[in-house]
Amino acid sequence: MKKSKALFARAQRVLVGGVNSPVRAFRAVGGTPVFVGSGRGSRLVDADGKSYIDYCLSWGPLILGHAHPGVTRAASRAAARGASFGAPTEGEILLAEEIRRAYPSMERVRLTSSGTEAVMSALRAARAWTKRDWVVKFQGCYHGHADSLLVAAGSGALTLGRPDSAGVPAAWAKTTLVLPYNDVAAVEAAFKRHGSKIAALIVEPVVGNMGTVLPEPGFLEALRRITKRHRALLVFDEVITGFRLGLGGAQAKYRITPDLTSLGKIVGGGFPIGAYGGRREIMEQIAPLGPVYQAGTLSGNPVAVAAGLECVRTLRRTAPYGKLEALTRRLARGLQEAADAAGVPARVQTTGSMFTLFFTPHLVRDYPTAKTADTKRYARFFHAMLAEGVYLPPAQFEAAFLSAAHTPADVERTIAAARRAFKRC
Ligand code: KE4
């Protein structure tokens, strides 16, 4: 870690907190953030040359693993043709067609440069369409750092939100209702009382940002039913789940058709991208066709699009999801058995190729139950695993991921490392 320590000291003299996104600073687990030199397949190599099996995978995008040859080649060739034109290119059409093929609900698509932009723009379209201002979100779900979404639950479940970040005007937080995840009664009550003001309800259909939390049977169906009844729009934030839970994400897995969807991460193959889309009549409000303004210098960037297109086409061609899910289930079972054998209260929750090891014996079904997790113990476990050459997400309330490059040997090695790490945390 010698080089990471030196780099971190230098970084903090010019970059805020030494990082370009807060969670990378290891504040949730303590210690010096690992500065990465390179990645290949399932492996990360740090600035000191130490190799790790990586289950963070850049917070989700790298479902094919680091430096996938096809994705790297596609990006390199696109870059050699010119990094950006600020003009339409054929690649953007091809990626949008691939998105619509996997997400038929996205009848019209707009590419952006991040998930935050995709979510922010989808909600602007929803407000314009319904001519209403309020948005419902769920406690523990994260949808990027747009002001009106950096909101914590109000004092009571039915009171409007309060800013969850400095710099967010109270007035903007007051257009957001924050409800408990997996609580249909709370959603019913909120719409009964405020339905005529609610433009949209946005949800992570499978939550990654509390750690991996699944929708209980009937929850997503209820969101679809209630929003429809009150003529509000249902927005699936599939920035994590899109192309992760299968080509069609959560909406295909749970057979729910949202009105709008946001994508990011995997759809760019590790390059800066976001996308939003939905019903044609809603999306055709967006400039230049309609009155909702949204723009971006690098939206649909040719290099990011080439990488995303190769990534999505490779997923469609190789269909890795069955193998990925089986390997993830094996890892989850092995970690659970290792925790149980060590007498450590822990619970592994998983779906598809995402998982979270919660340091709590309770089923994690919402934010309050997620918060029963022992974050200090997670931090000790994280560092014990880091010492073993396994890189987990440096925060308890995040999802971990496998890639198509992870092997059964990686997983068995990880389980063996966990058996030792549980004894030390
Ligand atoms: P970006 O603006 O970071 O591309 O996407 C925002 C976003 C939107 N929706 C969901 C469900 C997301 O998970 C995210 C971003 N995820 C976080 C970690 N879970 C990114 C990591 C970070 O903030 O550095």
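The figures that follow rest on heavy atoms only: side chains count, while hydrogens, waters and symmetry mates do not. Atoms within a ligand are numbered from 1 in the order they appear, just like the ligands themselves.
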Could you note down all residue pairs passing ring-ring contact (aromatic ring centres under 6.0 Å, His included) where residues 247-301 supplies at least one of them, sequence neighbours left out?
-> none
Ring centroid separation for F358 and F397, is it under 6.0 angstrom?
-> no
Relative to each other, are the rings of Y55 and F355 parallel, tilted or perpendicular (30° and 60° limits)?
-> perpendicular
Could you name the protein residues that come within less than 4.0 Å of ligand 1, counting only heavy atoms, and order them by chain and residue number?
-> S21, V23, W59, S114, G115, T116, Y142, H143, G144, E204, N209, D237, V239, I240, K265, E398
Mind jotting down which residue pairs meet the ring-ring contact (aromatic ring centres under 6.0 Å, His included) criterion with at least one end in residues 91-117? Sequence neighbours excluded, please.
-> Y103-F243
Contact list for residues 257-273, test side chain to side chain donor-acceptor pair (under 3.5 Å), sequence neighbours left out | R224-D259, D237-S262, Q251-T261, D259-R279
Give me the ring orientation class for F26 and H383: parallel if the planes are under 30° apart, tilted from 30 to 60°, perpendicular past 60°.
-> perpendicular
